[in-house]
Amino acid sequence: IMEELVEFHDHALMVALAICSLVLYLLTLMLAEKLSSNTVDAQEVELIWTILPAIVLILLALPSLQILYMMDEIDEPDLTLKAIGHQWYWAYEYTDFKDLTFDSYMIPTTELPSGHFRLLEVDHRIVIPMESPIRIIITANDVLHSWAVPSLGVKTDAIPGRLNQTSFITTRPGVFYGQCSEICGANHSYMPIVVESTPLTHFEHWSTLLS
């Protein structure tokens, strides 16, 4: 979905660039030359600049609607994970496993291992298998939070008493960082999110150790 959004952004930007270039050219032409009767009274030109913007809007609307439906569509995930926002930490439940739950707190700067990111590293990372559809069910226990990992193209609000869901797929192993992006209180920026994408064999070994 994130790749589709980036491609749509580039597509819309090129359309906007073409429109701005055409308008700038016409303005320069009108300022450099004298107005004639053909320029003042040209019904064919008026017809073109009425129909052309409608066609451009259709070309922008169709891929936009397609991506919008893709963002809401979740097909049979391989793994379902529940994220619960608290003040000031996240709790996670692997619903496909028995008793696989843990809390994820930010590691204080004084206890941070060398080479780790300050204010972004946590004591318990989310571990997921790569190249597998992952569904995240998100809610909150106290106030509004927001589960956001920009590098995965995911941002979903955590609302008390309500379940929101989103999905993503990681195409490579790695560690992805995010934070609570809702101003949920004084320490909202101290609720980091760390997603570790690993091969399936490593994920199975990790889940066995924690279960």
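At a threshold of 4.5 Å between side-chain heavy atoms, the hydrophobic network of Ile, Leu, Val, Met, Phe, Trp and Tyr places F97 and I136 in one connected group. Cluster annotation: F102 is connected to I138 through the hydrophobic network of ILVMFWY side chains, with a link wherever side-chain heavy atoms come within less than 4.5 Å. Hydrophobic cluster membership is shared by I134 and W90, with clusters built from Ile, Leu, Val, Met, Phe, Trp and Tyr side chains linked at under 4.5 angstrom. W206 and L79 fall within the same hydrophobic cluster, where Ile, Leu, Val, Met, Phe, Trp and Tyr residues are linked whenever their side-chain heavy atoms come under 4.5 Å apart, directly or through other members. Using a 4.5 Å cut-off between side-chain heavy atoms of Ile, Leu, Val, Met, Phe, Trp and Tyr, with links allowed through other members, I193 and W88 fall into the same hydrophobic cluster.
One distance of note links OG of S146 with CE of M191; it measures 10.0 Å at 0.5 Å rounding. Between the CZ atom in R118 and the OG1 atom in T109 there is a gap of 4.5 Å [rounded to 0.5 Å]. Taking CD1 from I19 and CG from L22, the interatomic distance works out to 8.5 Å, rounded to the nearest 0.5 Å. The CG atom of D103 sits 8.5 Å away from the CG atom of D123 when rounded to the nearest 0.5 Å. Distance CD/E93 to CG/L100: 10.0 Å, rounded to 0.5 Å. From H145, atom NE2 reaches atom CG of D157 across 11.0 Å, with rounding to the nearest 0.5 Å.
Heavy atoms only, all atoms of each residue included: D78 and S132 are closest at OD2-CB, 3.5 Å. Taking both residues in full, the closest heavy atoms of S197 and T170 are given as OG-OG1, 2.9 Å, listed atom of the first, atom of the second, then distance. In this structure, G178 and L120 approach most closely via the heavy-atom pair O-CD2, 4.2 Å. Residues T139 and K82 come closest through the heavy atom pair CG2-CE, 4.0 Å. Taking every heavy atom of both residues into account, L119 and M106 meet most closely at CA-SD, 3.7 Å.
Side-chain contact between T156 and Q165 is absent, with no heavy-atom pair separated by less than 4.5 Å. Annotation: side chain of S64 is not in contact with side chain of L60 (no heavy-atom distance under 4.5 Å). Within the 4.5 Å cutoff, no side-chain heavy atoms of T198 are placed close to those of P173. A heavy-atom distance below 4.5 Å is not found between the side chains of M2 and L152. No side-chain heavy atom of T171 sits under 4.5 Å from any side-chain heavy atom of M130. Here the side chains of I67 and L5 are in contact, with some heavy-atom distance below 4.5 Å.
Of the possible polar contacts, one joining the T28 side chain to the L24 backbone as a donor-acceptor pair under 3.5 Å is found. Panel note: side chain T95, backbone T80; a donor-acceptor pair is recorded below 3.5 Å.
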Does I159 form a side chain to side chain contact (heavy atoms under 4.5 Å, CB included) with L144? I'd like the steps, not just the answer. CA-CA 5 Å; I159 303 172; L144 291 175; 3.6 Å; yes
Determine, stepwise, if the pair S207 / Y94 fulfils side chain to side chain contact (heavy atoms under 4.5 Å, CB included). CA-CA 9 Å; S207 61; Y94 286 75; over 6 Å; no
Go through the steps for S167 and R135 under the test side-chain hydrogen bond (donor to acceptor under 3.5 Å, both in side chains), then give the verdict. CA-CA 4 Å; S167 64; R135 175 174 61 185; over 6 Å; no
Begin from the C-alpha positions of Y190 and Q179 and carry the test side-chain hydrogen bond (donor to acceptor under 3.5 Å, both in side chains) through to its verdict. CA-CA 8 Å; Y190 299 101; Q179 285 180 307; over 6 Å; no
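Take R162 and apply the side-chain hydrogen bond (donor to acceptor under 3.5 Å, both in side chains) test, not counting sequence neighbours, and it matches N164. Here S189 pairs with nothing under the side chain to side chain contact (heavy atoms under 4.5 Å, CB included) rule; sequence neighbours left out.
Sorted by first and then second residue, the pairs that involve residues 181-209 and meet salt bridge (charged side-chain N to carboxylate O under 4.0 Å, His left out), not counting sequence neighbours, are R125-E196.
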